[in-house]
Amino acid sequence: MDHEATVGDSGADDPAAGLEFERNRRTAHIDALRGAGTNPYPHRFDRTHTLGELRELHGALEPGTETDVPVRVAGRIMLKRDQGKLIFITVQDRTGTIQLFVSKSEVGEDGFAAIVELDLGDWVGAAGIMMATRKGELSVKTSSVSLLSKAVRPMPDKWRGLSDVETRYRQRYADLIVNDEARRMFAVRHEIIASFRRTLHDHGFIEVETPVLHVEAGGAPATPFVTHHNALDMQLYLRIALELHLKRLIVGGMERVYEIGRVFRNEGLSSRHNPEFTLMELYQAFGDYTEMMGITEHLITTAARDATGSSVVTIDGTEIDLAVGWRRARMIDLVAEATGREVHPNQPRETLVALAAEHEVRVQPYWGTGKIIEELFGATAESSLREPTFVTHHPVEVSPLARVDPADPHLTERFELHVGGRELANGYSELNDPREQRARFEDEQRAKDAGNLEAGTVDEDYLRALEYGMPPTGGLGIGIDRLTMLISGAQSIRDVILFPTLRPEVF
RNA sequence: GCGCCUUUAGCUCAGCUGGUAGAGCAACGGACUCUUAAUCCGCAGGUCCUGGGUUCGAUCCCCAGAGGGCGCACCA
């Protein structure tokens, strides 16, 4: 090939090295390949094995032995060790890596010259036979190597990798190429979701899809994203929860439904919050909150085993086995435990306001006693709940869709799962009395009018659905991102979301 | 939104309360037929995030801004 065309003929303004020089060099090489009749982006290459399969089949090959097993493999060049007339190339696919043993005497002068020109990051296909080197490294003794896709941009450092977190999130493709840990996170995430689907299928749940664009954003206390539909000329909200549509399906008699879907909340970002995140919600006719706690334990423990092979997770450096039963404690009891004072929504508001002040909780004027208790819980007890704990019996005020506890009209049949100081799941016995639901919605609407932006509104269609009759039902929601963090050991939610929300990059 | 930290070559990082920058890897030229981040020799590569200011002189000090991280607030 015309090697002179690949270097040295760049314009006077081009730098002598650096990124631009490198890209120019490689694009010039692509032109040279095309000029010589070689397609740098050929249509296909058929492989006989993945690299993991080869390791499984031939991993036990004795050092220095050669088989007569022909193979065709493909992968990205990660390392290249040039020995003069012998080149060792480490290629990677999603199942692992393998070494290509490239001898000039095997591939010929022209073939060898082309292989010398390959860059780290290029995708290649190779044909050859299986062998193990004298040192025992499983290799493909290569008879030919073909370029499958030329990389124009250089890879991150082959040893130190890519560690700049901003670049890792913005250029996830580069992160996935070089960081095993990044690939592992998303493998775990996939296994958790796949495990959920298996478990739910086994329990007779049907997976459904409900609207993302809502006329009213309900089902959770949160600030929605607002958008607009042009043809209908109407304001729409991106959903903040799956709940209200899924329960309409329970009214319709579907009995066991779930959805794993993206929800959107227009709130702050942190290492535990991304504006869009994934929620699994399920609803089971003839279930209640105690059954939901059982399903929660089963789903999460099974997912941990499926994803990592173990039900043991590490929380803040401490190993915790999810398979042992989880503590259950009422919210009011946990607050009492943390503050040394009994609390209950039926207490005078002034009493709770005073206690809140002692714990530096800033009470909003529109908060009732139930909301103050929930905030007190958040300020005093929540962060100490490292081991999985079902916090139960939330006040009615903060649970507008949950059934009241028959033993205490101020509390609900509800639970939240807390692990490692953060909320992971939420469930309850669903309120199915349309008249009571209307009254609760009206309370919400009043709170909204009084200044609580996160309060709900009266969802007339949902009330109409309830009027057709919803069976007694248990419901559950699990935050998939946070669960993935727990099981994978990720420190930031951005490590378990492929493309986390960032401010736009300036090019 | 507030506070603290951070931004230097494609990547990973040095850079002395101020004298306009270095290394390793990658790249480029060369040697090498069993390497494992191959090794060895040589060579090149910079908007020191941006804009102001102070100074004879700023990667360094000051101010403003941008991106990112962490905490707080909000929330899941």
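- Here A/Arg25 reaches the OP1 or OP2 of B/C28: one of its side-chain N or O atoms lies under 4.0 Å away.
- Residues A/Asp175 and A/Arg172 are paired through a salt bridge, judged by an N-O separation under 4.0 Å between the basic side chain and the carboxylate.
- Partners of A/Asn266 under the side chain to side chain donor-acceptor pair (under 3.5 Å) rule, at least two apart in sequence or in another chain, do not exist in this structure.
- Aromatic ring centroids of A/Phe415 and A/Tyr428 lie 6.0 Å or more apart.
- Of the C1' atoms belonging to B/U47 and B/G29, the separation is 29 Å, rounded to the nearest Å.
- Rounded to whole Å, the separation between the C1' atoms of B/U7 and B/C49 comes to 6 Å.
- The nucleotide whose nearest atom lies closest to any side-chain atom of A/Phe101 is, among B/C34, B/A27, B/A38, B/C34.
- Across all strands, A/Glu137 comes closer than 4.0 Å to base atoms (heavy-atom distances).
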Please list, one pair per line, the donor and acceptor atoms closer than 3.5 Å that link side chains of residues 77-87 of chain A to other protein atoms, with sequence neighbours excluded.
| unit_1 | atom_1 | unit_2 | atom_2 | d |
| --- | --- | --- | --- | --- |
| A/Lys80 | NZ | A/Val116 | O | 2.7 |
| A/Lys80 | NZ | A/Leu118 | O | 2.8 |
| A/Arg81 | NH2 | A/Thr90 | OG1 | 3.3 |
| A/Arg81 | NH2 | A/Gln99 | OE1 | 2.7 |
| A/Asp82 | OD1 | A/Gly84 | N | 2.9 |

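- Counting any heavy atom pair closer than 4.0 Å across all strands shown, A/Gly161 reaches sugar-phosphate atoms only and no base atom.
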Atom pairs, protein N/O to nucleotides 22-25 of chain B N/O, distance under 3.5 Å:
| unit_1 | atom_1 | unit_2 | atom_2 | d |
| --- | --- | --- | --- | --- |
| B/G24 | N2 | A/Asp157 | OD2 | 2.7 |
| B/C25 | O3' | A/Lys158 | NZ | 3.4 |
| B/C25 | O2 | A/Asp157 | OD2 | 3.3 |

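- The stretch residues 272-283 of chain A participates, sequence neighbours left out, in these salt bridge (Lys or Arg N to Asp or Glu O under 4.0 Å) pairs: A/Arg262-A/Glu276.
- Between the side chain of A/Gln83 and the base of B/A38, at least one donor-acceptor pair of N or O atoms lies under 3.5 Å.
- Residues passing the side chain to side chain donor-acceptor pair (under 3.5 Å) test with A/Arg482 are A/His273, sequence neighbours excluded.
- B/G42 sits 16 Å from B/C32 when the C1' atoms are compared, rounded to a whole Å.
- Ring planes of A/His245 and A/His214: tilted class, angle from 30 to 60°.
- When base pairs are accepted only as Watson-Crick or G-U wobble with both N-N or N-O distances under 3.5 Å, RNA chain B takes part in stems of 3 or more pairs at B:1-7 with B:66-72, B:10-13 with B:22-25, B:28-31 with B:39-42, B:49-53 with B:61-65.
- A/Arg94 CZ: 12 or fewer foreign heavy atoms inside a 6.0 Å radius.
- Residues passing the side chain to side chain donor-acceptor pair (under 3.5 Å) test with A/Arg440 are A/Glu436, sequence neighbours excluded.
- A gap of 23 Å separates the C1' atoms of B/G52 and B/C5, to the nearest Å.
- Each of A/Gln491 and A/Leu424 was matched to the nucleotide of RNA chain B holding its nearest heavy atom; the match closer to the 5' end belongs to A/Gln491.
- Taking atom P in both B/C41 and B/U55, one finds a spacing of 48 Å when rounded to whole Å.
- Taking atom P on both B/U50 and B/G10, the two are 13 Å apart, rounded to the nearest angstrom.
- Residues satisfying the side-chain contact (heavy atoms from CB on, under 4.5 Å) test with A/Ala455, not counting sequence neighbours, are A/Glu444, A/Ala447, A/Lys448, A/Asn452.
- You'll find that the side chain of A/Leu79 is closest to B/A37, out of B/U36, B/C11, B/A37.
- Taking the ring centroids of A/His394 and A/Tyr289, they lie at or beyond the 6.0 Å cut-off.
- When the side chain to side chain donor-acceptor pair (under 3.5 Å) test is applied to A/Arg76, no partner is found at least two apart in sequence or on another chain.
- Centre separation under 5.5 Å together with a plane angle under 30° does not hold for the ring of A/Phe21 and the six-membered base ring of B/G45, so they are not marked as stacked.
- Residue contacts shown for A/Asn274 include a base, since a base heavy atom lies under 4.0 Å away.
- The aromatic rings of A/Trp326 and A/Phe390 sit tilted relative to each other, their planes meeting at an angle between 30° and 60°.
- With distances taken from any side-chain atom of A/Leu162 to the nucleotides B/C32, B/C70, B/C11, the minimum falls on B/C11.
- Partners of A/Arg170 according to the side-chain contact (heavy atoms from CB on, under 4.5 Å) rule, which considers only residues two or more places apart in sequence or in another chain, are A/Glu166, A/Leu502, A/Glu505.
- Looking at heavy-atom distances under 4.0 Å, A/Arg503 makes contact with sugar-phosphate atoms alone, never a base.
- One P atom belongs to B/U59, the other to B/U8, and the distance between them is 15 Å to the nearest Å.
- When the P atom is used for both B/G51 and B/A9, the distance is 16 Å, rounded to whole Å.
- At a threshold of 4.0 angstrom between heavy atoms, the contacts of A/Leu502 are confined to the sugar-phosphate backbone, with no base atom among them.
- Near RNA chain B, meaning a heavy atom under 4.0 Å away, the residues from residues 163-170 of chain A are A/Ser163, A/Asp164, A/Val165, A/Glu166, A/Tyr169, A/Arg170.
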Could you go through nucleotides 71-74 of chain B and list every protein N or O atom that sits under 3.5 Å from one of its N or O atoms, giving the distance for each pair?
none

